[in-house]
Structures are given as C-alpha cells and as structure tokens.
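See structure below.
Scope of the values below: all heavy atoms of this structure, side chains included, with no hydrogens, waters or symmetry mates.
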Amino acid sequence: MALSQISDKAPPPRSEEISRYADMFSAMGGEPRLRIMRVLLAAHPDGMVVGEIGEELGIPDSTLSHHLDKLKSQDLISVKRQGTFLRYTANTATLEELLGFLYAECCTRNNAVKPKRITCCR
C-alpha cells in the first residue's frame, strides 16, 4: 500500500475513543433503552416529555427515570426543562459520531459491508 493511501485515511481511533463508544453501546444495550432511543428518534426534533415516553413504551416512571439517566450520562439524549416537564430528545450529533465510528471500519476501510446495503426504516 502506498504511503499516500495510508495518509488519506482517518487515523485509527484511540483507546479512549473506543472505550467511550463501548460505553455508549452498553448504555443502549438493553431492550428498554434501545426502545427509548428509537421512540426519541421518531419524535425528533421535538422530543417527548417523560410521561409520553412512559405511556408509549409502557415503562413505569421510576424505571424510565433510571434508563433516561443512563442514556443521558453517555450524551445519547438531551433534556430540557419546560415548565414542570422534562423534554427529552435524541442527541443526533452523538449518534452520528457513534455510527460514523462503525461505518469507518465496516464500509470504508475494508468494505465488509457495502454502503448500499445499509438501509433504514425497514
């Protein structure tokens, strides 16, 4: 491989970055949290208040609060106070970064997955 080909590629992620991404995936690793992420992405950019999320997914408030805190701690969701309500939104910039981390390996460096095969909303 020519040196110019190597320098054109993004540098490999540092171990701190990999650890951060692993923590993000771990935060979304449970079924309830993945469902929360999906419902917040569907409600983007407006987001949803806690009661709406709980009602939509059938998750009790105390359990929902725990899941939302975990997602928020990994910067996967954002929260804003609206009067007496908390409105949650998916942090699309963080998700884009996380997906870009995977995409860089699977679809650009070695073409393990062809970009045309990646679809959304099946």
* Asked: What residues form a salt bridge (Lys or Arg N to Asp or Glu O under 4.0 Å) with Arg35, not counting sequence neighbours?
  -> Glu31
* Quick one: pull up CE in Met37 and CG in Asn91 and give me the separation to the nearest 0.5 Å. => 8.0 Å
* Asked: Considering only heavy atoms from C-beta outward, does the side chain of Val79 approach that of Leu68 to under 4.5 Å?
  -> no
* **Shortest non-hydrogen separation from Gln74 to Asp23 and the atoms involved** => OE1-CB, 3.4 Å
* **Check: Met28 and Ile36 side chains under 4.5 Å, non-hydrogen atoms** => no
* Can you tell if the side chain of His66 reaches within under 4.5 Å of the side chain of Arg33, non-hydrogen atoms only? -> yes
* Should we say atom CZ of Phe85 is surrounded by more than 12 heavy atoms from elsewhere, each under 6.0 Å from it? -> no
* Asked: When rounded to the nearest 0.5 angstrom, what is the spacing between OG1 in Thr63 and NE2 in His67?
  -> 6.0 Å
* Asked: If you measure from OG on Ser65 to CG on Leu86, what distance do you get to the nearest 0.5 Å?
  -> 9.0 Å
* **Criterion side-chain contact (heavy atoms from CB on, under 4.5 Å) on Met24 and Thr94, from CA distance to verdict** => CA-CA 9 Å; Met24 289 179 190; Thr94 298; 3.6 Å; yes
* Asked: Of all heavy-atom pairs between Leu64 and Gly54, which one has the smallest distance, and what is that distance?
  -> CD2-N, 3.5 Å
* Asked: If you take all heavy atoms of Gly47 and Thr89, which pair is closest and at what distance?
  -> CA-CG2, 3.5 Å
* To the nearest 0.5 Å, tell me how far Leu71 CG sits from Leu40 CG. => 8.0 Å
* Structure fact -> Rounded to the nearest 0.5 Å, the CG atom of Leu99 sits from the OG1 atom of Thr92 at a distance of 11.0 Å
* For the atom pair CD1 (Ile53) and OH (Tyr88), what is the distance rounded to the nearest 0.5 Å? -> 7.5 Å
* Heavy-atom side-chain contact between Glu97 and Tyr21 under 4.5 Å -> yes
* Sequence-distant partners of Arg38, side-chain hydrogen bond (donor to acceptor under 3.5 Å, both in side chains), two or more places apart -> none
* **Worked check of side-chain contact (heavy atoms from CB on, under 4.5 Å) between Val39 and Glu52** => CA-CA 10 Å; Val39 76; Glu52 294 171 330; over 6 Å; no
* Tell me, with the steps shown, if Phe25 and Leu102 meet side-chain contact (heavy atoms from CB on, under 4.5 Å). => CA-CA 11 Å; Phe25 280 115; Leu102 285 181; 3.5 Å; yes
* Structure fact -> Here the pair of heavy atoms bringing Ala43 nearest to Met48 is CB-CG, 3.6 Å
* To do: Name all pairs fulfilling the salt bridge (Lys or Arg N to Asp or Glu O under 4.0 Å) condition that reach into residues 56-76, sequence neighbours left out, sorted by first residue then second.
  => none
